[in-house]
Amino acid sequence: MKQIMSVAFVALLAACQTAPVQTPVTEAAAVATAAPTEPSGGQQWLFGSAESSVVMRQTWATIAGYVEAKAAEAPTYGVVLTPDSSPVQPGFLACEGKPLAAVFDADETLIWNLGSMAAFGRMGIGFDPAIWDDWERTGAGKAVAIPGALDALTRIREAGVTVIVNTNRAAENAAGTEATLKAAGIGEFSHGSTLFLRGDAPDGSGKDGRRMMISENYCVIALVGDQLGDIADPFNAKTLSVLDRKVLTEAPAIADLWGNGWFVLPNPVYGPSIRGDFDDIYPEATHWAPSAASGLPAAN
Ligand SMILES: [Mg+2]
């Protein structure tokens, strides 16, 4: 049962760009089943493990160090792709003397949604958009800052860099998201100036439109998220296979930006990173089966 729940959960969320929500679910998928006795393996790792906490603190320290160094350079160009460019042939927006900003996704980037994740799990459902909408409005105090984030944000602000949030939470729930970020200690945010939400630009759950809005007033020197859509929308093109999507991140013109302006935090629980069958995940050249000497039946 646990495995079935896990598959349903990730399938429902895989289509989401960033916030674990906007995709309608089928009635059958939303029907409650017997509640699992423990969280999924991905949730145990992400929200519970010491290893995850260490990875987060490592990454956040790297982000803070990068931003401090970059701010001291008074950069000429930021790290937001120009609208007419792509990861293969990138162009970057010029700073033009604008104040510096770092742009962060919210869910599973700045905060862990422990309240809603546990509620879904305990109810034995994969995901429900109405429940998530309720969470966006009422979850303040039940989401926590990701390990390392608060210290890093302090360093980033002390470097004179404005912290801006670009999330796929709904614009209609701006007050709830502002309250959630404040309660988690992330800071005070204002919709339309330091907080950008789904609905603020016409490209739906795409974030490039909002990145352009932010770039009208700021030179963005860092983009941080748990999904590639937090960096640039072309990474989430529906036509990309599992492998092609990975290869695109290795395009020579942008390969050096990872950890150097573009930062991704681990999320093994939901999102477009969670997909692929055995053939997608395991290259044919690595296929292996137990030998007869193992005493086990040979795998196909
Ligand atoms: Mg996210």
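Both counts, for ligands and for their atoms, begin at 1 and track the order of listing.
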Asp107 near the Mg ion (ligand 1): N/O/S under 2.8 Å: yes

Please tabulate, for side-chain N and O atoms in residues 91-101, each donor-acceptor pair with protein atoms closer than 3.5 Å (sequence neighbours left out).
from, atom 1, to, atom 2, distance (Å)
Glu96, OE1, Lys98, NZ, 3.4
Lys98, NZ, Ser215, O, 2.8

Quick check: does Asp230 have an N/O/S atom under 2.8 Å of the Mg ion (ligand 1)?
no

Per residue Asp105, nearest N, O or S atom to the Mg ion (ligand 1) is named OD2

Can the ring centres of Trp132 and Tyr270 be said to be less than 6.0 Å apart? no

Under 3.5 Å, which donor-acceptor pairs do the side chains of residues 280-287 form with other protein atoms, sequence neighbours left out?
from, atom 1, to, atom 2, distance (Å)
Asp280, OD2, Asp277, N, 2.9
Thr286, OG1, Pro283, O, 2.7
His287, NE2, Tyr282, O, 3.3

Test: Arg155 and Glu158 ion pair at under 4.0 Å:
no

Closest to the Mg ion (ligand 1), among the N/O/S atoms of Asp226, is atom OD1

